[in-house]
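Okay, so here's the structure we're looking at.
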Amino acid sequence: MSPALLAALAQGAIALITYLDGLPAQERQAAIDALNAARTGAVSAVAAFDAGSAADLAAAQAELAQLKTDHATLAAAHADLTAKHEALVAKVVDAAAQP
Amino acid sequence: MNAAPEPFERVVWYGCALLVAWALTLMAGCCTNAGSSATCARKVVTGMYTVEGTATALSRPILAKCDTDAVALSKAGDDAAATTALAKCADERAIVSKALNACVAATGAAASSIDAAESIAVKDYSSALAPLYAAGVQLAQALIVAGVKIPFPIPGVN
(Lines give C-alpha, C1' and ligand atoms only; values in the text may rest on other atoms or scores of the structure.)
Protein backbone atom coordinates (compact mmCIF):
# COMPACT_ATOMS: atom_id res chain seq x y z
CA MET A 1 0.00 0.00 0.00
CA SER A 2 1.51 3.26 -1.07
CA PRO A 3 2.01 6.13 1.43
CA ALA A 4 -0.18 8.36 -0.73
CA LEU A 5 -3.06 5.89 -0.50
CA LEU A 6 -2.56 5.57 3.27
CA ALA A 7 -2.63 9.35 3.64
CA ALA A 8 -5.79 9.57 1.55
CA LEU A 9 -7.46 6.87 3.66
CA ALA A 10 -6.44 8.65 6.87
CA GLN A 11 -7.81 11.95 5.57
CA GLY A 12 -11.05 10.23 4.58
CA ALA A 13 -11.35 8.65 8.04
CA ILE A 14 -10.77 12.03 9.73
CA ALA A 15 -13.36 13.67 7.48
CA LEU A 16 -15.89 10.94 8.32
CA ILE A 17 -15.25 11.25 12.10
CA THR A 18 -15.53 15.04 11.90
CA TYR A 19 -18.81 14.71 10.02
CA LEU A 20 -20.20 12.20 12.55
CA ASP A 21 -19.10 14.42 15.46
CA GLY A 22 -20.91 17.35 13.93
CA LEU A 23 -24.19 15.50 13.40
CA PRO A 24 -25.68 16.21 16.88
CA ALA A 25 -24.87 19.91 16.52
CA GLN A 26 -26.44 19.93 13.06
CA GLU A 27 -29.49 18.13 14.37
CA ARG A 28 -29.72 20.59 17.28
CA GLN A 29 -29.52 23.56 14.95
CA ALA A 30 -32.10 22.02 12.63
CA ALA A 31 -34.43 21.49 15.59
CA ILE A 32 -33.94 25.11 16.70
CA ASP A 33 -34.65 26.36 13.17
CA ALA A 34 -37.75 24.18 12.88
CA LEU A 35 -38.97 25.39 16.27
CA ASN A 36 -38.51 29.03 15.32
CA ALA A 37 -40.30 28.49 12.02
CA ALA A 38 -43.18 26.70 13.76
CA ARG A 39 -43.38 29.47 16.38
CA THR A 40 -43.55 32.14 13.69
CA GLY A 41 -46.24 30.17 11.86
CA ALA A 42 -48.36 29.67 15.00
CA VAL A 43 -48.09 33.31 16.08
CA SER A 44 -49.01 34.48 12.56
CA ALA A 45 -51.92 32.02 12.45
CA VAL A 46 -53.30 33.28 15.76
CA ALA A 47 -52.94 36.91 14.65
CA ALA A 48 -54.69 36.08 11.36
CA PHE A 49 -57.43 34.28 13.28
CA ASP A 50 -57.97 37.25 15.59
CA ALA A 51 -58.20 39.69 12.70
CA GLY A 52 -60.15 37.40 10.35
CA SER A 53 -62.72 36.16 12.83
CA ALA A 54 -63.28 39.71 14.09
CA ALA A 55 -63.93 40.79 10.48
CA ASP A 56 -66.30 37.84 9.96
CA LEU A 57 -68.19 38.73 13.10
CA ALA A 58 -68.40 42.41 12.18
CA ALA A 59 -69.70 41.49 8.71
CA ALA A 60 -72.33 39.21 10.23
CA GLN A 61 -73.37 41.92 12.69
CA ALA A 62 -73.67 44.44 9.85
CA GLU A 63 -75.73 42.01 7.79
CA LEU A 64 -77.98 41.31 10.75
CA ALA A 65 -78.46 45.03 11.38
CA GLN A 66 -79.38 45.52 7.70
CA LEU A 67 -81.83 42.61 7.85
CA LYS A 68 -83.43 44.09 10.96
CA THR A 69 -83.81 47.44 9.19
CA ASP A 70 -85.31 45.72 6.16
CA HIS A 71 -87.71 43.79 8.37
CA ALA A 72 -88.77 46.98 10.15
CA THR A 73 -89.31 48.75 6.80
CA LEU A 74 -91.33 45.83 5.50
CA ALA A 75 -93.40 45.69 8.68
CA ALA A 76 -94.16 49.43 8.41
CA ALA A 77 -95.11 49.07 4.75
CA HIS A 78 -97.28 46.08 5.60
CA ALA A 79 -99.04 48.02 8.36
CA ASP A 80 -99.61 50.92 5.97
CA LEU A 81 -101.06 48.66 3.30
CA THR A 82 -103.25 46.91 5.85
CA ALA A 83 -104.62 50.27 7.01
CA LYS A 84 -105.31 51.33 3.41
CA HIS A 85 -106.94 47.98 2.70
CA GLU A 86 -109.17 48.29 5.75
CA ALA A 87 -110.13 51.83 4.73
CA LEU A 88 -111.05 50.61 1.25
CA VAL A 89 -113.08 47.72 2.65
CA ALA A 90 -114.91 50.16 4.93
CA LYS A 91 -115.69 52.38 1.92
CA VAL A 92 -116.98 49.41 -0.05
CA VAL A 93 -119.13 48.34 2.86
CA ASP A 94 -120.46 51.87 3.19
CA ALA A 95 -121.15 52.07 -0.54
CA ALA A 96 -122.97 48.76 -0.46
CA ALA A 97 -125.06 49.95 2.45
CA GLN A 98 -126.27 53.01 0.46
CA PRO A 99 -129.71 52.58 -1.08
CA MET B 1 -63.62 40.73 22.64
CA ASN B 2 -65.81 39.71 25.52
CA ALA B 3 -64.55 41.44 28.65
CA ALA B 4 -66.43 39.25 31.08
CA PRO B 5 -64.15 37.70 33.72
CA GLU B 6 -63.45 34.00 33.55
CA PRO B 7 -64.84 31.73 36.27
CA PHE B 8 -62.34 31.28 39.07
CA GLU B 9 -62.07 27.52 38.55
CA ARG B 10 -61.11 27.92 34.91
CA VAL B 11 -58.38 30.39 35.77
CA VAL B 12 -57.02 27.99 38.39
CA TRP B 13 -57.01 25.14 35.89
CA TYR B 14 -55.25 27.25 33.26
CA GLY B 15 -52.61 28.30 35.76
CA CYS B 16 -52.05 24.81 37.13
CA ALA B 17 -51.78 23.26 33.68
CA LEU B 18 -49.28 25.89 32.55
CA LEU B 19 -47.17 25.57 35.68
CA VAL B 20 -47.10 21.78 35.45
CA ALA B 21 -46.15 21.89 31.76
CA TRP B 22 -43.40 24.43 32.46
CA ALA B 23 -42.01 22.50 35.44
CA LEU B 24 -42.08 19.18 33.58
CA THR B 25 -40.27 20.64 30.61
CA LEU B 26 -37.61 22.21 32.81
CA MET B 27 -37.14 19.03 34.87
CA ALA B 28 -37.01 16.78 31.84
CA GLY B 29 -34.36 18.99 30.30
CA CYS B 30 -32.30 19.18 33.51
CA CYS B 31 -32.50 15.49 34.45
CA THR B 32 -31.63 14.05 31.08
CA ASN B 33 -28.52 16.24 30.84
CA ALA B 34 -27.96 15.58 27.16
CA GLY B 35 -28.12 17.66 24.00
CA SER B 36 -30.15 15.07 22.13
CA SER B 37 -32.86 15.25 24.78
CA ALA B 38 -33.15 18.99 24.30
CA THR B 39 -33.39 18.35 20.56
CA CYS B 40 -36.13 15.82 21.24
CA ALA B 41 -37.95 18.33 23.48
CA ARG B 42 -37.63 20.99 20.77
CA LYS B 43 -39.22 18.61 18.27
CA VAL B 44 -42.10 18.04 20.68
CA VAL B 45 -42.59 21.79 21.10
CA THR B 46 -42.40 22.21 17.32
CA GLY B 47 -45.21 19.66 17.08
CA MET B 48 -47.20 21.61 19.67
CA TYR B 49 -46.82 24.79 17.64
CA THR B 50 -47.89 22.92 14.50
CA VAL B 51 -51.00 21.60 16.25
CA GLU B 52 -51.84 25.09 17.52
CA GLY B 53 -51.43 26.56 14.04
CA THR B 54 -53.69 23.88 12.57
CA ALA B 55 -56.30 24.34 15.32
CA THR B 56 -56.25 28.07 14.65
CA ALA B 57 -56.75 27.55 10.93
CA LEU B 58 -59.67 25.19 11.60
CA SER B 59 -61.33 27.47 14.15
CA ARG B 60 -62.10 30.34 11.81
CA PRO B 61 -64.43 28.48 9.39
CA ILE B 62 -66.24 26.91 12.35
CA LEU B 63 -66.88 30.34 13.86
CA ALA B 64 -67.78 31.75 10.44
CA LYS B 65 -70.43 29.03 10.13
CA CYS B 66 -71.75 30.04 13.55
CA ASP B 67 -72.10 33.63 12.26
CA THR B 68 -73.77 32.48 9.03
CA ASP B 69 -76.24 30.27 10.90
CA ALA B 70 -77.13 33.17 13.21
CA VAL B 71 -77.81 35.48 10.25
CA ALA B 72 -79.86 32.71 8.62
CA LEU B 73 -82.22 32.84 11.61
CA SER B 74 -82.90 36.48 10.81
CA LYS B 75 -83.49 35.63 7.16
CA ALA B 76 -86.00 33.06 8.37
CA GLY B 77 -87.78 35.86 10.18
CA ASP B 78 -86.63 35.45 13.77
CA ASP B 79 -84.57 38.56 14.55
CA ALA B 80 -84.52 37.99 18.31
CA ALA B 81 -83.13 34.47 17.97
CA ALA B 82 -80.58 35.73 15.43
CA THR B 83 -79.40 38.45 17.82
CA THR B 84 -79.03 35.93 20.65
CA ALA B 85 -77.24 33.44 18.42
CA LEU B 86 -74.81 36.06 17.11
CA ALA B 87 -74.03 37.22 20.65
CA LYS B 88 -73.28 33.59 21.50
CA CYS B 89 -70.97 33.38 18.47
CA ALA B 90 -69.13 36.49 19.69
CA ASP B 91 -68.69 34.91 23.12
CA GLU B 92 -67.37 31.71 21.56
CA ARG B 93 -64.95 33.67 19.40
CA ALA B 94 -63.62 35.45 22.47
CA ILE B 95 -63.12 32.16 24.32
CA VAL B 96 -61.42 30.49 21.35
CA SER B 97 -59.15 33.50 20.81
CA LYS B 98 -58.25 33.57 24.48
CA ALA B 99 -57.48 29.85 24.53
CA LEU B 100 -55.35 30.01 21.37
CA ASN B 101 -53.35 32.99 22.61
CA ALA B 102 -52.83 31.34 26.00
CA CYS B 103 -51.71 28.08 24.35
CA VAL B 104 -49.20 29.85 22.11
CA ALA B 105 -47.81 31.83 25.05
CA ALA B 106 -47.54 28.68 27.18
CA THR B 107 -45.79 26.85 24.35
CA GLY B 108 -43.39 29.78 24.10
CA ALA B 109 -42.68 29.34 27.82
CA ALA B 110 -41.96 25.65 27.23
CA ALA B 111 -39.61 26.48 24.33
CA SER B 112 -37.70 29.00 26.46
CA SER B 113 -37.55 26.47 29.28
CA ILE B 114 -35.75 24.04 26.97
CA ASP B 115 -33.07 26.66 26.30
CA ALA B 116 -32.77 27.30 30.04
CA ALA B 117 -32.60 23.59 30.85
CA GLU B 118 -29.90 23.08 28.24
CA SER B 119 -27.78 25.82 29.81
CA ILE B 120 -28.38 24.54 33.34
CA ALA B 121 -27.40 21.02 32.26
CA VAL B 122 -23.93 22.23 31.31
CA LYS B 123 -23.78 24.47 34.42
CA ASP B 124 -23.80 27.61 32.27
CA TYR B 125 -26.07 29.45 34.67
CA SER B 126 -25.55 32.94 33.26
CA SER B 127 -26.81 31.78 29.87
CA ALA B 128 -29.86 30.25 31.57
CA LEU B 129 -31.04 33.59 32.96
CA ALA B 130 -32.30 35.08 29.69
CA PRO B 131 -34.43 32.08 28.64
CA LEU B 132 -35.69 31.70 32.22
CA TYR B 133 -36.81 35.33 32.18
CA ALA B 134 -38.40 34.83 28.75
CA ALA B 135 -40.19 31.72 30.02
CA GLY B 136 -41.49 33.65 33.04
CA VAL B 137 -42.71 36.51 30.87
CA GLN B 138 -44.51 34.15 28.47
CA LEU B 139 -46.02 32.27 31.39
CA ALA B 140 -47.27 35.56 32.83
CA GLN B 141 -48.63 36.48 29.38
CA ALA B 142 -50.53 33.19 29.21
CA LEU B 143 -51.97 33.74 32.69
CA ILE B 144 -53.00 37.30 31.82
CA VAL B 145 -54.74 36.07 28.67
CA ALA B 146 -56.48 33.47 30.82
CA GLY B 147 -57.83 36.27 33.02
CA VAL B 148 -55.38 36.32 35.94
CA LYS B 149 -54.46 39.80 37.19
CA ILE B 150 -50.69 40.14 37.74
CA PRO B 151 -50.20 42.66 40.58
CA PHE B 152 -46.93 44.10 39.26
CA PRO B 153 -45.91 45.51 35.86
CA ILE B 154 -43.97 43.31 33.44
CA PRO B 155 -42.26 45.19 30.56
CA GLY B 156 -44.01 44.47 27.28
CA VAL B 157 -46.77 42.38 28.86
CA ASN B 158 -49.07 44.45 31.09
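For clarity, every value in this text was computed on a predicted model and none was experimentally measured. Numbers restart at 1 for each chain; the letters A, B, ... are given by sequence-line order, proteins then strands.
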Original post:
How long is the gap from CZ on B:R60 to CG on A:D56, to the nearest 0.5 Å?
Top reply: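 Between atom CZ of B:R60 and atom CG of A:D56 there are 4.0 Å.
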
Subject >> Inter-residue atom distance A:L35.CG - B:D115.CG, 0.5 Å rounding >> reply: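 So the CG of A:L35 and the CG of B:D115 are separated by 7.5 Å.
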
Looking at every heavy atom in both [X] and [Y], which two are closest together, and how far apart are they?
X	Y	result
A:L64	B:S74	CD1-CB, 3.3 Å
B:T56	A:A45	CG2-O, 3.1 Å
A:A31	B:R42	CB-CB, 4.1 Å
B:V71	A:A60	CG2-O, 3.7 Å

Side chain proximity check, [X] to [Y], heavy atoms < 4.5 angstrom:
X	Y	answer
A:K68	B:T83	yes
B:K75	A:E63	yes
B:K43	A:E27	yes

Subject >> Per-residue contact mode, A:Q29 against chain B (heavy atom under 4.5 angstrom) >> reply: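 Neither part, no heavy atoms under 4.5 Å.
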
**OP:** With a 4.5 angstrom heavy-atom cut-off, could you sort out which part of A:A54 is near chain B: side chain, backbone, both or neither?
**Re:**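 Interface part for A:A54: both.
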
Original post:
Going by atom types only, do B:R93 and A:S53 share a side-chain donor-acceptor pair under 3.5 Å?
Top reply: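 Indeed, the side chains of B:R93 and A:S53 share at least one donor-acceptor pair under 3.5 Å.
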
**OP:** Go through the steps to decide whether B:N101 and A:D50 satisfy the test side chain to side chain contact (heavy atoms under 4.5 Å, CB included), and finish with yes or no.
**Re:** CA-CA 9 Å; B:N101 278 293; A:D50 278 340; 3.3 Å; yes

Any link between [X] and [Y] through a network of hydrophobic side chains (Ile, Leu, Val, Met, Phe, Trp, Tyr) touching at under 4.5 Å?
X	Y	answer
B:L86	B:V96	no
B:V104	B:L100	yes
B:I144	B:V137	yes

**OP:** Show your working on side chain to side chain contact (heavy atoms under 4.5 Å, CB included) between A:L57 and B:L63 and close with a plain yes or no.
**Re:** CA-CA 9 Å; A:L57 185 63; B:L63 288 173; over 6 Å; no

**OP:** Name the region of B:A57, side chain, backbone, both or neither, that has any atom closer than 4.5 Å to a heavy atom of chain A.
**Re:**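 It is neither, since no heavy atom gets under 4.5 Å.
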
